[in-house]
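Take a look at the structure below.
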2 protein chains.
Amino acid sequence: MKKEKKTYHHGNLAESLLNAVDELATKFGLEAVTLRACAKLVGVSPSSAFRHFSDKRALMTAFATKAIHQLAHAMALAKEQANSNKEDAFSAVGLAYIEFALDKPAFFRAMWREETIYTNDENYIQATNLLSAHLQGGFAETIEDTDPESFSSQELLAWSSVHGMANLFVDGPVGKGETKKQKIIMAKDMLKVLSKAFLQ
Amino acid sequence: MKKEKKTYHHGNLAESLLNAVDELATKFGLEAVTLRACAKLVGVSPSSAFRHFSDKRALMTAFATKAIHQLAHAMALAKEQANSNKEDAFSAVGLAYIEFALDKPAFFRAMWREETIYTNDENYIQATNLLSAHLQGGFAETIEDTDPESFSSQELLAWSSVHGMANLFVDGPVGKGETKKQKIIMAKDMLKVLSKAFLQ
DNA sequence: TGACAAATGTAAACACTGTTCACATAATAA
DNA sequence: TTATTATGTGAACAGTGTTTACATTTGTCA
């Protein structure tokens, strides 16, 4: 889709660098993502990255922001699908959250690294706000939401449990030997129990 | 100035290095923990570390293992205290989990870094097993535990929610502007809702 | 005791890393 | 056109983990 003539100016280096982060992270893990490796992958000198990102941290922040948007999108899709199938939207959204972590562990890790990204970056904060809005959107049918601005105890429990299981799968000792299918079943079972807390 | 009795051999360098990791992590964050800085803090050459740890990763694994034991200890203490006060052991253990993350965020982060530690290290695995045993111990009075080996859906929900909230506090957007006291209240409220799911 | 092997610490190198800076080149505005 | 701005480069710098040959201490056994 894009022309690949090697000009002195790359054209859209910022986005290409983000794609390089994507590729390296999925292939070799977050820890293997290095500024120089990204530059090499794009076919550009290492120092050129600094024309578009003030820092490596800024680059990782942009990547994290992108990842959050992807997750939010996956959740929105899951909710839509559940609604049209007249299924439980809450469980569908929660499951999408966990499934994203299973499918793209490096992306999921990148999103939540206070020490590696600028968590007070404007775009990043905006993305997390969008994400929590999607979460509340998924909960809306199940949980009575009085205040759309802050999280209720129920909503906090829902987010925590889903976020927690995702983390336990990705970076914890839970479900270590098991297949993805089995982990999905574990998630579904947990969500089922969770629903009980909301029904009364 | 007087001569410090610097012996050529340090004595217990391995443990001293772990203490250095501790100090640097709490003072400047996990990302600031560097092998050379640890060596300098102990007053020893960088290469000496490799006589006791094969890797930086091995050092961080030992640190993570130590941190997990600390967390397990805090949970055991909380349970004991709750029992002698005839209070809810489950909530106490869960709260201890979250409070540990709030008090020692760098330690909590270090425990769950698949890419930075050797998660199949024997001692590390043993520590996580101990931790999950303590979790189940805390749940025992509240949750009907049929199989002590594997986790039931209820137990998984309990661990996930507590682990999730801890992570959302430490590395996520939740409770960002709030004090520790407020966060503890949020945790207690969540645990209260959670109990409902178990009382049926 | 003395000799010698095993542990443990060191200095110097190595290939990496992020980052800066003076400079080169291209795109745009005048 | 020319001047200005944006973007990419190459060479350097300090800092990183790690290895290597060597130095020092400790422990063992004659």
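Here the structure is a predicted model, which is why all the values come from computation and not from measurement. So you know, we letter chains A, B, ... as the sequences are listed, proteins then strands, and number each from 1.
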Pairs touching residues 181-192 of chain A that satisfy side chain to side chain donor-acceptor pair (under 3.5 Å), sequence neighbours left out: T179(A)-Q182(A)
Close N or O pairs between protein and nucleotides 13-20 of chain C (under 3.5 Å):
from	atom 1	to	atom 2	distance (Å)
dT17(C)	O3'	T34(A)	OG1	2.9
dG18(C)	OP1	T34(A)	OG1	3.0
dG18(C)	OP1	L35(A)	N	2.7
dG18(C)	OP2	T34(A)	OG1	2.8
dG18(C)	OP2	L35(A)	N	3.2
dG18(C)	OP2	R36(A)	N	3.2
dG18(C)	N7	R36(A)	NH1	2.4
dG18(C)	O6	R36(A)	NH1	2.9
dT19(C)	OP1	D55(A)	OD1	3.0
dT19(C)	OP2	K56(A)	N	2.9

Separation of atom [atom1] in [X] from atom [atom2] in [N], rounded to whole Å:
X      : N       : atom1 : atom2 : result
R51(A) : dA26(C) : CZ    : P     : 15 Å
K40(B) : dT10(C) : NZ    : C1'   : 16 Å
L13(A) : dG8(D)  : CG    : P     : 5 Å
N12(B) : dA7(C)  : CG    : P     : 18 Å

Listed partners of [X] passing side chain to side chain donor-acceptor pair (under 3.5 Å), at least two apart:
X       : result
K66(A)  : N19(A)
E87(B)  : none
K86(A)  : none
Y118(A) : D55(A)

Would you please confirm or rule out a distance under 4.0 Å between OP1 or OP2 of dG8(D) and any side-chain N or O of S48(A)? no
OP1 or OP2 of dA7(C) sitting under 4.0 Å from any side-chain N/O of H52(B)?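 Checking H52(B) against dA7(C): no side-chain N or O falls below 4.0 Å of OP1 or OP2.
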With salt bridge (charged side-chain N to carboxylate O under 4.0 Å, His left out) as the rule and sequence neighbours excluded, what pairs involving residues 160-179 of chain A come up?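 Passing the test, one end in residues 160-179 of chain A: R109(A)-D171(A), K176(A)-E114(B).
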Contact check, residues 113-121 of chain B vs DNA chain D, heavy-atom distance under 4.0 Å, returns none
Within residues 15-23 of chain A, the residues having a heavy atom closer than 4.0 Å to DNA chain D are none
For the pair F108(B) and Y97(B), name the ring-plane relationship: parallel under 30°, tilted 30 to 60°, perpendicular over 60°.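 Geometry flag for Y97(B) against F108(B): perpendicular rings.
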ring-ring contact (aromatic ring centres under 6.0 Å, His included) contacts in which one or both residues fall within residues 35-60 of chain A, not counting sequence neighbours: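 Not a single pair qualifies under ring-ring contact (aromatic ring centres under 6.0 Å, His included).
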Would you be so kind as to tabulate the donor-acceptor pairs closer than 3.5 Å made by side chains of residues 34-42 of chain B, with sequence neighbours excluded?
none

Applying salt bridge (charged side-chain N to carboxylate O under 4.0 Å, His left out) to E31(B) and not counting sequence neighbours gives R113(B)
Look up atom CD in E122(A) and atom OG1 in T65(A), then write down how far apart they are to the nearest 0.5 Å. 11.0 Å
